[in-house]
Amino acid sequence: CSCFAAMRSFSCFAAALAQQNPPVWPSTVKVFGPGDSGIQDAVNAAYATNGGKQDHGQFSTSNYAFLFKPGTYTEDVPVGFYTQVVGLGDSPDDVIFVGPGCSSPGPT
């Protein structure tokens with residue numbers, strides 16, 4: 001339903017108010033900021049489950065999402081099966097990875 005269409009439905013309005021902001025993410029979704037601890041550990045744990053090796057993770061039932069707030073990160077973020085890495089920001093230049101697995105420092 002569209003809650004912006006003159007608030008025609010009280011139930012739609014109530015449903016919008018009931019949503020927590022920020023939302024409660026499942027444990028497989030992580031939102032990181034520059035300087036947060038545990039980034040590399042979380043990424044490595046996901047890759048250990050869904051890593052890109054042959055027959056490793058391809059049929060996994062686990063899904064992961066790593067969302068990175070604007071800033072610069074030095075972590076190495078390998079991406080396996082069923083794993084999303086998302087940079088949050090207004091521009092692709094807002095999130096930069098300069099970790100050991102990066103071929104160039106920042107955007108090109």
**Message:** Going by side chain to side chain donor-acceptor pair (under 3.5 Å), name the residues that satisfy it together with Asp36, two or more places apart in sequence or in a different chain.
**Reply:** none
**Message:** Restricting to non-hydrogen atoms, name the atom on Asn50 and the atom on Ser60 that form the minimum distance, rounded to 0.1 Å.
**Reply:** OD1-OG, 2.8 Å
**Request:** Please name the pair of heavy atoms, one in Pro78 and one in Val43, separated by the smallest distance, quoted to 0.1 Å.
**Result:** CD-CG1, 3.6 Å
Review item, side-chain donor-acceptor pairs of residues 65-73, under 3.5 Å, at least two apart:
residue : atom : partner : partner atom : Å
Tyr73   : OH   : Phe32   : O            : 3.3
Tyr73   : OH   : Lys69   : N            : 3.2
Tyr73   : OH   : Lys69   : O            : 2.6

**Complete:** side-chain contact (heavy atoms from CB on, under 4.5 Å) filter on Ser37, not counting sequence neighbours, yields none
**Asked** Any side-chain heavy atom of Ser62 sitting closer than 4.5 Å to one from Thr28?
**Response** no
**Prompt:** Counting N and O atoms only, with roles assigned by atom type, does the side chain of Asn44 sit under 3.5 Å from a partner on the main chain of Asp41, one being a donor and the other an acceptor?
**Reply:** no
Report, one line per pair, each donor and acceptor closer than 3.5 Å where one atom sits in a side chain of residues 79-86; sequence neighbours left out.
residue : atom : partner : partner atom : Å
Tyr82   : OH   : Gln58   : O            : 2.9
Thr83   : OG1  : Phe81   : O            : 3.1

**Asked** Should side-chain heavy atoms under 4.5 Å link Ile, Leu, Val, Met, Phe, Trp and Tyr, which residues sit in the same cluster as Val24?
**Response** none
